[in-house]
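Inspection log for the structure reproduced underneath, given as structure tokens.
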Amino acid sequence: MLHTMEISTSKRDELRDITREVQAYVKKSAVQNGIIVVYCPHTTAGIAINENADPDVKHDVLMRLDEVYPWEHPKYRHAEGNTASHLKSITAGPSQTIIIHDGALLLGRWQGIYFCEFDGPRHRQCYLKIIGG
């Protein structure tokens, strides 16, 4: 099964928690054991798993990524002017694979799944693929 998740972002840099939407899709699928791949087909966005209990973590991650990859740099050559978003996307990566056990995502107590927007605001998609039965 392949599912397209529609995501709208509201900021240039944003970590949007999509854990509930992914879990709802797993529940709807009725798959009890397997894996789900959460994949982002965009070159300026990504998928990450990290803490979802303290909102300051999202702030700190985005702040540090901005420090490492500033929006403007005198040596950037990419004509669109969004080199920083490409670098952040490479750092986050395009996908995450999560184990499905007893019909639920097997995440740690504090973990959540994030759609990582680095060139918004935009309307985006990510794909969910369940493998198992």
Side-chain angles (χ1 to χ4, degrees):
M1 297 186 296
L2 180 67
H3 175 70
T4 303
M5 180 187 300
E6 303 291 331
I7 298 171
S8 292
T9 61
S10 59
K11 300 175 187 169
R12 183 178 73 192
D13 292 309
E14 180 179 348
L15 299 181
R16 184 155 172 265
D17 187 349
I18 60 170
T19 311
R20 286 186 184 148
E21 293 100 319
V22 175
Q23 180 59 56
Y25 180 66
V26 168
K27 185 175 182 179
K28 182 179 175 183
S29 76
V31 170
Q32 291 299 300
N33 294 290
I35 59 172
I36 185 166
V37 178
V38 182
Y39 173 73
C40 171
H42 306 287
T43 61
T44 58
I47 305 293
I49 294 176
N50 211 300
E51 180 177 333
N52 69 349
D54 182 350
D56 287 337
V57 172
K58 292 192 300 186
H59 169 271
D60 294 349
V61 168
L62 291 174
M63 176 194 68
R64 191 67 181 110
L65 285 171
D66 276 341
E67 291 172 357
V68 174
Y69 306 119
W71 193 253
E72 295 181 16
H73 190 285
K75 294 184 180 181
Y76 287 162
R77 298 169 108 183
H78 183 46
E80 290 182 35
N82 61 352
T83 296
S85 61
H86 290 283
L87 295 167
K88 292 173 184 180
S89 174
I90 290 168
T91 299
S95 66
Q96 294 290 326
T97 303
I98 302 108
I99 296 169
I100 300 169
H101 181 70
D102 291 339
L105 298 170
L106 190 59
L107 292 168
R109 170 184 261 176
W110 307 113
Q111 288 183 317
I113 306 164
Y114 288 95
F115 182 87
C116 307
E117 175 64 75
F118 300 122
D119 197 22
R122 291 186 187 242
H123 181 74
R124 305 282 203 169
Q125 297 82 35
C126 73
Y127 298 109
L128 307 179
K129 176 71 174 176
I130 294 177
I131 301 165

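None of these values were measured; they are calculated from a predicted model. Positions are given from 1 along the sequence.
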Within one Ile-Leu-Val-Met-Phe-Trp-Tyr cluster: [X] and [Y], side-chain cutoff 4.5 Å:
{"X": "V22", "Y": "Y39", "result": "no"}
{"X": "V57", "Y": "V68", "result": "yes"}
{"X": "F115", "Y": "I98", "result": "yes"}
{"X": "I35", "Y": "L105", "result": "no"}

Give a yes or no on this: more than 12 heavy atoms of other residues, nucleotides or ligands lie within 6.0 Å of atom CD of E6.
yes
Looking at I99, I'd like to know if its CD1 atom is crowded, meaning that more than 12 non-hydrogen atoms belonging to other residues, nucleotides or ligands lie closer than 6.0 Å.
no
Nearest 0.5 angstrom please: [X] [atom1] to [Y] [atom2], how far?
{"X": "I18", "Y": "N52", "atom1": "CD1", "atom2": "CG", "result": "12.0 Å"}
{"X": "R64", "Y": "H59", "atom1": "CZ", "atom2": "NE2", "result": "13.0 Å"}
{"X": "I113", "Y": "Q96", "atom1": "CD1", "atom2": "CD", "result": "8.5 Å"}
{"X": "H42", "Y": "I47", "atom1": "NE2", "atom2": "CD1", "result": "9.0 Å"}
{"X": "S95", "Y": "Y127", "atom1": "OG", "atom2": "OH", "result": "14.0 Å"}

Just say parallel, tilted or perpendicular for the rings of H86 and H78, cut-offs at 30° and 60°.
perpendicular
Relative to the ring of H3, is the ring of Y25 parallel (under 30°), tilted (30 to 60°) or perpendicular (over 60°)?
parallel
Do K88 and D66 meet the salt-bridge criterion of a basic N to acidic O distance under 4.0 Å?
yes
I'd like to know if R124 pairs up with E117 as an ion pair, taking the criterion as any Lys NZ or Arg NE/NH1/NH2 lying under 4.0 Å from an Asp or Glu carboxylate oxygen.
yes
Return the minimal non-hydrogen interatomic distance between [X] and [Y], and the atom names on each side.
{"X": "G132", "Y": "V31", "result": "C-CG1, 4.2 Å"}
{"X": "S8", "Y": "R16", "result": "O-CD, 4.1 Å"}
{"X": "S89", "Y": "A45", "result": "OG-O, 2.7 Å"}
{"X": "D54", "Y": "D56", "result": "OD1-N, 2.9 Å"}
{"X": "E14", "Y": "T9", "result": "OE1-CB, 3.4 Å"}
{"X": "I7", "Y": "C126", "result": "CD1-SG, 3.8 Å"}

Would you say [X] and [Y] make side-chain contact, with heavy atoms under 4.5 Å?
{"X": "Y114", "Y": "I49", "value": "no"}
{"X": "T83", "Y": "H73", "value": "no"}
{"X": "I130", "Y": "V37", "value": "no"}
{"X": "N33", "Y": "I100", "value": "no"}
{"X": "V26", "Y": "I36", "value": "yes"}
{"X": "W110", "Y": "N50", "value": "no"}
{"X": "I90", "Y": "T43", "value": "no"}
{"X": "F118", "Y": "L62", "value": "yes"}

Go through the steps for K58 and D17 under the test salt bridge (Lys or Arg N to Asp or Glu O under 4.0 Å), then give the verdict.
CA-CA 10 Å; K58 292 192 300 186; D17 187 349; over 6 Å; no
In sequence, state the C-alpha distance, the side-chain angles, and the governing distance for R122 and S10, and then conclude on side-chain hydrogen bond (donor to acceptor under 3.5 Å, both in side chains).
CA-CA 7 Å; R122 291 186 187 242; S10 59; over 6 Å; no
Side-chain donor/acceptor of Q111 to backbone N/O of G108, under 3.5 Å:
yes
Donor-acceptor pair between R12 and T44 side chains, under 3.5 angstrom:
no
Polar contact flag, side-chain donor to acceptor under 3.5 angstrom, Y69-T91
yes
From CA spacing to verdict: side chain to side chain contact (heavy atoms under 4.5 Å, CB included), W71, S85:
CA-CA 8 Å; W71 193 253; S85 61; 4.0 Å; yes
